[in-house]
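Everything on this sheet refers to the single structure shown next.
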Number of protein chains: 2
Amino acid sequence: MEKRAGIRDVAKAAGVSISTVSRVFSRPEIVSDSTRKRVLEIADKYDFKITRTGTMLKSGQTFRAALLMNESITSWFNTQVFAGIDSILHDKGYDISLFQHIDSAESRERFFTNLPVLRNVDMVFVASFAIEAEEAEQLQRTRVPIVGINVPESSCFDSTISIDDEGGMERATQHLIRLGHRNIVYTCSQPAPTIDSSIDARERGFVRACTQAQLTIPDLRWKVLKVPRGQQFADFALAAVLAEETFPDAICCQMDMMALPLVLKLQHFGHHAPRDYSIIGFDDSPYADTLGLTTMHQDPFEMGAMAARNALKLLNNEPLNEPFQLVEPSLILRSTDERRNVAQIAA
Amino acid sequence: MEKRAGIRDVAKAAGVSISTVSRVFSRPEIVSDSTRKRVLEIADKYDFKITRTGTMLKSGQTFRAALLMNESITSWFNTQVFAGIDSILHDKGYDISLFQHIDSAESRERFFTNLPVLRNVDMVFVASFAIEAEEAEQLQRTRVPIVGINVPESSCFDSTISIDDEGGMERATQHLIRLGHRNIVYTCSQPAPTIDSSIDARERGFVRACTQAQLTIPDLRWKVLKVPRGQQFADFALAAVLAEETFPDAICCQMDMMALPLVLKLQHFGHHAPRDYSIIGFDDSPYADTLGLTTMHQDPFEMGAMAARNALKLLNNEPLNEPFQLVEPSLILRSTDERRNVAQIAA
DNA sequence: TTGAAAGCGATACCAT
DNA sequence: ATGGTATCGCTTTCAA
């Protein structure tokens, strides 16, 4: 009773060959009812189940998928992406091999030179960070499908699912302008050493909307407030906004996690949204709803699921309808934005 | 160039045996410098790396850990536990095989009868849900270390790391009572079909503190408000609180995710904390800090890490200092609680 | 319907 | 220091 029973122990006990035991589990329909029943009984008695290891070996597949991410899985976006991928892959027998914090120069270097995923995974997902040409080349040496989620264009992906960060933030900004705001501030954190593509794209969207609008609205004032990354980025943003000579009549936020603390903390300084200013976020992350934050909605869970479905198709050499997809975030109007009347604008 | 190079291709190309190639990767120090260098060069040229599959087969280990959880990984607690376990196991070469939503009767049944983890993982983690005797027995058939995180006592675990939910909530409640509150309401959601041990334990803690205090404070009034589970449990709690004949002077919350929306939404109904009532949460989850919520702090990331360290030791047959650990949550005083003066209490 | 045997990738023992 | 070989658990032809 010491050692766990193996396939041959079961075969012997059931008086059949290991081939038959194998078949009982992999293709039960081609085994006679009586044999199958007997084998299953014995197997159960011995706590025997087919191991995936043998199958992996034989098939050459690992039933593992690598997920590379900037920062930690604990962020809202990353968790959702993970859960979305898992929602598709789990039932197909795949595990997700997680590689977090591919963000510092060292961790990147280490990852891409060691390339621990080489010959160890069946597919690679890259979430939310840009990849450099040389790294892309390294990654392609894995010779498995590589699917990007919220990544900038790059030749190394077989498929990408991205939201239109730039267009989305442009529309968010246009919304504020259309509401009559004329002194808009964009708060964002500095990008990570490894370029987080979303951060840059969103800023570009804001700038584009503003420069464009300025052609017809000359008195439009706008400004980008960039604060250091890290735990306290929201507090830094708060300080930066309060330090402005005239308090803005609208704040456009890189993400909800910045917008939500801002809304709450600005109250303590007498600035109430939407009474005193409008504010819009990006993501529609937890509590945005509770707080009534107007924001651009995106669904990273679904994006992860889409990525996984594409990877699976690529694995089977099936054609992809749309290998490179750009998803549009949608404006969710809630209660932190309000139209300015002419008097206020003039004031 | 079609097929990927295997270990024997590399061996042949380098003019050595496969044993040598294997040694170059597993114990490079016992291979001569010149051979090692040559093999590595060839390996790199062929994009060859040692596969974990072969190693698994040989060693009998799977380098996979199962993580069973109630509900979804996207909840704060579950994500933190996952990240904590991964922080220890990742570098040791383990992947986490996630089994979410072991909560409905059917999904439980399916999981425990199929027992997909049998012979497929090296260790099992159970996060935050109670297990029945029969299920425990099933689980033990895996014959691998089973470590529980926030689980009620049960014979089936080789180790458990739990927070003292009951004691923690008792102290939270005592805090409110000591502050002078005399009309306390406890808001919580109904437990899942699969018993979420924390929910029950916390309620017990509240009830115990109240019944105990009532011995010396006869005019203490308290009540448990139980609302349906699901997405809108916070809204249900809000409605339940507002439906009380006299608005409570203190609210004790099962978790921050209930307390935070409550604090925010009660404002719209003219009830401000701590001016009109005190409120205390449990967890110290995201935004508790931002909102200044007084709460009981726990650290599920660290608990996951502890669980993983214990599992690793068990795997190596090392003794555990403290196999069954009870962690105390700590009271974090912020700004949603306030002492009532005698006048107020009398009113 | 079932069995025998080869082979997948890596390791470790035993030789050399 | 290196090579040959058995072995791990399973799948899959090919035969019976």
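Convention: sequence-line order gives letters A, B, ...; per-chain numbering from 1.
- For DNA chain C, none of the residues of residues 110-119 of chain B falls under the heavy-atom distance limit of 4.0 Å.
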Subject >> Pair B:Asp103-B:Phe129, side chain to side chain contact (heavy atoms under 4.5 Å, CB included): steps then yes or no >> reply: CA-CA 9 Å; B:Asp103 47 7; B:Phe129 68 92; over 6 Å; no
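- The shortest distance between side-chain heavy atoms of B:Gln80 and A:Thr74 falls below 4.5 Å.
- B:Phe125 pairs with exactly one of B:Leu89, B:Ile161, B:Ile96 by the side-chain contact (heavy atoms from CB on, under 4.5 Å) rule, that one being B:Leu89.
- Rounded to whole Å, the distance from CE on B:Met56 to C1' on D:dT7 is 18 Å.
- In this structure, the side chains of A:Asn150 and A:Val81 stay at 4.5 Å or more apart for every pair of heavy atoms.
- Distance CG/B:Asn78 to CD/B:Gln100: 8.0 Å, rounded to 0.5 Å.
- Contact check, B:Ser32 against D:dA1: no side-chain N or O comes under 4.0 Å of OP1 or OP2.
- Of the charged side-chain nitrogens involved, at least one lies within less than 4.0 Å of a carboxylate oxygen, so that A:Arg52 and A:Asp95 count as a salt-bridged pair.
- For B:Leu57, the listed nucleotide lying nearest its side chain is D:dG9; candidates were C:dT1, D:dG9, D:dG3.
- At the phosphate of C:dT2, neither OP1 nor OP2 sits under 4.0 Å from any side-chain N or O atom of A:Thr20.
- Spacing between atom CD of A:Gln61 and atom C1' of D:dT11 amounts to 13 Å, rounded to whole angstrom units.
- Using a 30° and 60° split on the angle between ring planes, A:Phe99 and B:His90 fall in the perpendicular class, above 60°.
- Within the nucleic acid shown, A:Ser59 has no heavy atom closer than 4.0 Å to any nucleic acid atom.
- As rounded to whole Å, 14 Å separates atom C1' of D:dT2 from atom CZ of B:Arg36.
- In this pair, A:Phe82 and B:Phe82 present their aromatic rings perpendicular. The plane angle is above 60°, beyond the 30 to 60° band.
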Original post:
What string of B, S and - do you get for nucleotides 11-16 of chain C, 5' to 3', when a contact is any protein heavy atom under 4.0 Å?
Top reply: BBB---
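- When rounded to the nearest whole Å, the span between CD of B:Glu29 and C1' of D:dT2 equals 15 Å.
- When side chains are defined from C-beta on, A:Met123 does not count as touching A:Val147, because their heavy atoms never get closer than 4.5 Å.
- For the pair A:Arg8 CZ and D:dG9 P, the interatomic distance rounds to 6 Å; values are reported in whole Å.
- Rounded to whole Å, atom P of C:dC8 lies 18 Å from atom CG of A:Asn120.
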